[in-house]
2 protein chains.
Amino acid sequence: MFCHVPPRPRNAEATRAAILDAARERFARESYDDVGMRDIAGDVGVDAALVSRYFGSKEDLFTAVLDSCSNGSELMEGDRSEFGRRVAREVVFEPAKEGKLKGLLIMLRSVGSTKAMELVQRTGSERFFNPFAAWVGGEDAAVRARLASATIMGMAVSREITGGFDLSPAECERMVGRMAVILQDIIDG
Amino acid sequence: MFCHVPPRPRNAEATRAAILDAARERFARESYDDVGMRDIAGDVGVDAALVSRYFGSKEDLFTAVLDSCSNGSELMEGDRSEFGRRVAREVVFEPAKEGKLKGLLIMLRSVGSTKAMELVQRTGSERFFNPFAAWVGGEDAAVRARLASATIMGMAVSREITGGFDLSPAECERMVGRMAVILQDIIDG
DNA sequence: GCCGGTAGTCAACGCCCGGTGACTTAATGG
DNA sequence: CCATTAAGTCACCGGGCGTTGACTACCGGC
């Protein structure tokens with residue numbers, strides 16, 4: 001006992017990146033308000049002061065996280081005709097851990113803090129919705145893109161609120177099936 | 001100046017009810033964390049201490065608000081064949097003020113605070129989903145009910161995140177149309 | 001007309017948060 | 001091998017929160 005953990009090698013850039021990663025992870029799992037600077041710092045194994053030093057304010061860190069998130073492009077890669085099935089499966093079954101939808105998760109977790117939502121609103125449109133709408137294409141692309149993303153987020157929220165879906169695995173499977181159809185229809189027009 | 005507002009007549013029951021109303025209103029507009037006891041008290045025109053006195057803790061007040069919310073039964077009243085159109089219109093256009101979906105709004109705003117979500121999870125299922133599923137009826141009622149409510153909440157979240165939808169009125173109208181179809185299809189099976 | 005109890009207020013407490021400046025420690029170049 | 005400088009820590013501040021106990025003002029009954 002009293003054995004010290006080996007101190008992290010002194011490397012500002014790596015530490016900064018580690019902090020950013022930890023913050024992204026935290027913000028994807030908990031809301032803006034629930035995540036504390038001390039939590040993030042603790043994940044990395046540094047002092048909370050360092051986080052402030054590197055990223056300025058908490059809001060600055062949050063926007064940095066948003067910027068560092070993939071702009072949802074994973075949604076659009078892969079076979080387009082499989083879009084519904086693929087996304088439905090991910091949003092229903094993915095344990096929110098290694099999911100590709102981290103950016104989306106962070107966005108919906110920001111429903112709550114007024115500050116976080118302002119920041120999300122600023123980046124959300126151009127970084128996510130507009131590219132997505134462009135990919136969706138066709139008649140009323142903006143409307144259909146918004147409809148699709150709303151449906152996806154709705155499922156995520158619903159899972160959050162009920163803690164899982166409290167449905168049987170078989171029911172979940174059928175839900176995925178139904179949702180896949182809905183999403184695919186939206187995408188196809 | 002120095003004119004005092006007429007003091008509210010001393011009536012414990014009425015004051016208690018007023019506090020509950022104000023709290024419900026607040027929790028429907030802002031997240032659990034963003035709403036302060038002092039805010040609620042201020043809305044009613046009483047001291048924050050009184051809120052604590054009447055309802056115990058903030059969590060107790062929140063659960064009292066949840067209990068006081070209509071269990072979403074407004075969703076189910078009215079012509080069933082008009083369900084999709086009616087709900088879609090409400091969730092897209094309703095300024096979240098006098099909407100019938102206040103309970104739903106509060107639920108989705110609780111995505112954030114860990115504490116609030118626990119409380120919502122406790123009451124959400126039996127008070128909202130189960131009756132709704134019963135009303136939906138038919139094959140896979142639970143799945144379809146969850147799908148419908150997820151869709152509705154998704155739209156609400158989406159509106160929150162983007163602050164309105166940043167779509168033109170005409171586009172909003174078309175979105176309502178599309179969403180109405182989706183919802184109606186879910187309900188009809 | 002006073003008086004007891006209840007409705008409501010006031011001031012304060014303890015807590016936790018984000019943020020800052022002074023300090024310590026480790027790596028690096030000569 | 002040491003000086004310098006960057007990397008990281010520590011103690012602490014100010015502020016806002018929920019909550020509490022002591023206080024005040026009102027009102028119905030004698």
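Scope of the values below: all heavy atoms of this structure, side chains included, with no hydrogens, waters or symmetry mates. Keep in mind that what you see is a predicted model, and the values were worked out from it rather than measured. Lettering of chains follows the sequences in order, A, B, ..., and the numbering in each one begins at 1.
What separates CD1 of Ile19(A) from P of dG19(C) is a distance of 14 Å, to the nearest Å. Nucleotide dT6(C) holds its P atom 12 Å from the OH atom of Tyr54(B), rounded to whole Å. Separating the CE atom of Met37(A) from the C1' atom of dG15(D) is a distance of 16 Å, rounded to the nearest angstrom. Across the protein-nucleic acid pair, Arg26(B) atom CZ and dG18(D) atom P stand 12 Å apart, rounded to whole Å. When rounded to the nearest whole Å, the span between CG of Asp33(B) and C1' of dG18(D) equals 12 Å. One atom, NZ of Lys115(B), and another, P of dG18(D), lie 9 Å apart when rounded to the nearest Å. In this entry the distance linking CG of Asn11(B) with P of dC26(D) reads 16 Å, nearest Å. Atom-to-atom, CG of Asp39(B) to P of dG16(D) comes out at 12 Å; the value is rounded to the nearest Å.
Each end of the helix from dG1(C)-dC30(D) to dG30(C)-dC1(D) yields a helix axis from five base pairs, and these two axes differ in direction by 10° (to the nearest 10 degrees).
Residue-level contact check: Phe55(B) touches neither bases nor backbone, having no heavy atom under 4.0 Å from any strand. Residue Ala12(B) is in sugar-phosphate contact alone, with no base atom involved, counting any heavy-atom pair closer than 4.0 Å across all strands shown.
The 5' end of DNA chain C is approached more closely, in terms of each residue's nearest nucleotide, by Arg16(B) than by the other of Ser52(A) and Arg16(B). Across the interface with DNA chain D, nearest-nucleotide mapping of Arg10(B) and Val35(B) shows Val35(B) to be the residue nearer the 5′ end. Where Ser57(B) and Asp47(A) meet DNA chain D, the nucleotide closest to each residue was compared, and Asp47(A) sits on the side nearer the 5' end.
The pair Arg144(A)-Glu139(A) does not count as a salt bridge, with every side-chain nitrogen at least 4.0 angstrom from each carboxylate oxygen. Looking at Glu173(A) and Arg89(A), a side-chain N of the basic residue comes within less than 4.0 Å of a carboxylate O on the acidic one, giving a salt bridge. The pair Glu13(A)-Arg16(A) does not count as a salt bridge, with every side-chain nitrogen at least 4.0 angstrom from each carboxylate oxygen. A salt bridge does not link Asp34(A) with Arg109(A): none of the charged nitrogens is closer than 4.0 Å to a carboxylate oxygen.
Counting distance only, with no hydrogens placed and no angle test, the side-chain atoms of Arg38(B) and the base atoms of dG18(D) include a donor-acceptor pair under 3.5 Å. Not a single donor-acceptor contact under 3.5 angstrom links the side-chain atoms of Arg53(B) to the base of dA7(C).
The ring pair (Phe, Tyr, Trp, His ring centres under 6.0 Å) search around Tyr32(B) returns Phe27(B), Phe62(B), not counting sequence neighbours. Legend: residues meeting salt bridge (charged side-chain N to carboxylate O under 4.0 Å, His left out) with Arg26(B), ordered by chain and number and at least two apart, are Glu30(B), Asp43(B).
In this structure, the side chain of Arg159(A) engages the main chain of Val91(A) through a donor-acceptor pair within 3.5 Å.
Contact check, Thr15(B) against dG8(C): a side-chain N or O comes under 4.0 Å of OP1 or OP2.
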